[in-house]
Amino acid sequence: MKKVGFFRSIQLKFIIIYILLLLIAVQVIGSYVAKEVEAELLDNFKDSVNDRVELLSINLQQAFNKDRTGDESEPSLQQEVQDIVTDVDRGGFTTIQVINSQGRVLGTNDFLNQDIVGQKITEPIVQQSLKLHSSLDNTLLNSKTGDRIFVRVEPILNEDENIEGVIYIQTSLEGVYGQLQNINDIFLNGSVLALIVSAVLGILVARAITKPIIEMRRQAQVMATGDFSKKVNVHGTDEISQLAETFNDLNDRLRLSMATIQEEQRKLSSVLSNMTEGVIATDQAGEVSLMNDAAGRLLGASPERFIGEDLLDLLELDERIVDITDLQDSGSIIIDFSEEDNVFLVRANFSTIFDENHAVIGFITVLSDVTEEEKVEQERREFVSNVSHELRTPLTTLRSYLEALTEGAWTDKEIAPQFLAVTQNETERMIRMVNSLLQLSRMDNKELSLHREKTEFIRYFHEVIDRFEMNVSENITLRRELPNLRYYVWMDKDRMTQVLDNIISNAIKYSPDGGNIRFKVEKQIRQIIVSISDEGLGIAYDKLDKVFDRFYRVDKARTRKVGGTGLGLAISRELVEAHYGKIWARSVEGKGTTIFFTLPLMNEKRRGSK
Ligand code: ADP
């Protein structure tokens with residue numbers, strides 16, 4: 001966050017408001033006081049002028065009312081007036097003129113302006129006072145000096161209250177205004193000082209008020225980074241302190257909520273990352289916003305790479321689903337990501353996320369690898385079809401031979417036994433097949449129990465080969481390349497005989513005339529490897545693993561002719577694996593086939609105890 005500049009700060013605003021308020025207060029008080037002081041000073045001044053005028057007026061009244069005898073030695077009225085006026089302390093008055101009832105000047109205290117004595121005064125205020133017999137005053141402005149002047153005209157009355165003349169007094173008010181100016185100056189200086197002091201105080205107060213606010217701002221910035229460990233200092237109990245307390249409370253709650261959210265997130269991400277199913281979350285436009293590792297693995301890259309991509313593109317569904325909103329109704333879809341020989345099928349389940357107003361805000365897609373499931377399902381379908389097919393063939397043969405017999409062949413002494421032999425063979429083949437199927441089914445359901453016993457394998461192997469040797473045609477030679485040693489194996493002899501019977505009978509079946517069948521046993525650290533090789537036509541490389549699948553036959557027509565069911569090697573594999581061994585084939589086409597299987601050797605301890 002940007003730092004607030006001083007000129008935009010609340011501090012400056014506070015100081016300005018503070019000073020403005022003070023200025024207004026000073027202004028109001030100042031003008032009120034100035035007015036009052038001015039009025040008071042003027043009143044006082046005028047009162048003192050009036051008092052003195054009254055005194056003068058009494059003296060002059062006496063002079064006017066005096067009976068004059070006409071004696072030469074007796075001073076005339078004008079002289080007496082002049083004396084009285086001259087005696088007056090000029091201190092306060094600027095000019096005093098005594099004017100008789102005709103408006104002529106009888107005396108003045110202005111020595112420099114004695115010419116005026118005897119002249120008629122026409123000033124309206126004098127005329128008015130003479131007429132009205134009353135005292136008048138006025139404030140004038142001296143046009144020359146610019147001084148304010150107080151003028152007072154006081155009538156001089158005789159005993160009969162008739163007007164004898166007036167006293168005209170002109171005095172400067174500048175002294176009063178000078179005094180007022182001094183008072184104003186003092187007030188102004190005081191105000192400036194008060195303003196400075198209050199500005200300083202304002203800064204201090206503003207700082208004190210904004211300090212916790214600045215602290216809270218700093219704290220909020222720290223909180224924005226996810227750090228809730230610090231707190232704002234709370235001083236006092238005022239509104240700002242309460243705000244700071246509320247702020248700290250908010251901080252605590254936020255910390256708790258964040259901890260809960262983080263905990264939930266951790267749980268969610270641990271659930272998501274431990275899920276075997278892939279989970280993809282998208283917004284309502286289908287843009288990927290979250291993806292777990294499993295989804296990344298299924299789609300072949302790290303989940304981060306897919307964030308922001310379009311879900312339909314990602315799942316290669318853009319041709320099947322035109323609009324993302326169609327996902328709402330699509331439920332579950334199998335997507336084929338197979339490449340050449342590599343089958344890879346993924347099931348996608350879609351669910352829609354709604355907000356509180358039931359508007360679509362996104363989709364959750366759950367992906368699961370269903371390749372194996374689909375394979376098993378495919379195998380199951382194939383198996384059912386194979387079983388039906390395998391059973392139908394001998395049954396059809398049986399039916400046709402039985403039909404021929406019922407239609408009269410039974411009477412033919414030559415054909416009837418042959419036909420009956422065929423039906424017997426086919427029936428036996430069917431019984432073999434059904435038995436094999438039952439055995440496989442039991443093994444699938446883990447119902448087949450093995451009766452293991454300690455067996456010396458070489459001797460046992462010789463016995464099995466002996467049995468075949470008695471029946472094998474002379475054209476085929478059985479070659480035993482077995483060591484003259486003893487290898488003890490913990491096994492079910494009957495089941496192992498079944499395994500060896502299947503392998504050896506195949507070797508005999510597919511051996512050409514004059515072919516050799518070799519039997520070997522090799523010892524490794526903990527196991528023996530048994531191998532049976534023939535010199536037959538061999539098995540193509542890409543089919544080597546498939547011969548262990550149920551009903552798989554390299555050449556269907558040929559094997560059926562030799563009476564195979566296609567289940568022998570499948571049963572052998574199940575039995576070897578039940579003995580904790582492995583079985584596999586190696587073959588060179590045209591040269592021969594070797595079937596290998598391993599069996600774990602009994603360890604010394606166990607051997608000793610048995
Ligand atoms: P079957 O009963 O048909 O022999 P198996 O499961 O024993 O069934 O064998 C499966 C298929 O593997 C056979 O049909 C055959 O095509 C092939 N096969 C097995 N053993 C050999 C072998 N020694 N030489 C050539 N092909 C073989």
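Just follow the structure's listing: the first ligand is 1, and inside any ligand the first atom is 1. Computed from heavy atoms alone, side chains included, the values below leave out hydrogens, waters and symmetry copies.
Relative orientation of the F383 and F551 rings is tilted, given thresholds of 30° and 60° on the angle between their planes.
Between R486 and E456 there is no salt bridge, since no side-chain N of the basic residue sits under 4.0 Å from a carboxylate O of the acidic one. Contact check on R253 versus D249 returns a salt bridge, with a Lys/Arg side-chain nitrogen under 4.0 Å from an Asp/Glu carboxylate oxygen.
Of the residues T593, N516, T594, the one that meets the side chain to side chain donor-acceptor pair (under 3.5 Å) test with S533 is T594.
Residue nearest to atom 25 (C) of ligand 1, selected from I539, D501, L567: I539 (by heavy-atom distance).
Residues forming a side chain to side chain donor-acceptor pair (under 3.5 Å) with D501 (at least two apart in sequence, or on another chain): R467.
Residue contact check for ligand 1: G536 places no non-hydrogen atom closer than 4.0 Å to it. The shortest heavy-atom distance from K543 to ligand 1 is not under 4.0 Å. Ligand 1 has at least one atom lying under 4.0 Å from a heavy atom of D534.
Polar contact check, G538 against ligand 1: no nitrogen or oxygen pair lies under 3.5 Å apart. Geometrically, ligand 1 and V554 share a nitrogen or oxygen pair separated by less than 3.5 Å. Inclusion of K509 in the set of residues having an N or O under 3.5 Å from an N or O of ligand 1 is warranted.
Smallest separation of non-hydrogen atoms from V232 and A244: CG1-CB, 4.0 Å.
Proximity of F548 to ligand 1, defined as any heavy-atom pair under 4.0 Å, is not found for any part of the residue.
Within the structure, ring-ring contact (aromatic ring centres under 6.0 Å, His included) pairs that include any residue of residues 422-446 do not occur (at least two apart or interchain).
In summary, the atoms of ligand 1 found under 4.0 Å from a heavy atom of L569, numbered by their order in the structure, are 5 (P), 6 (O), 7 (O), 9 (O), 19 (C).
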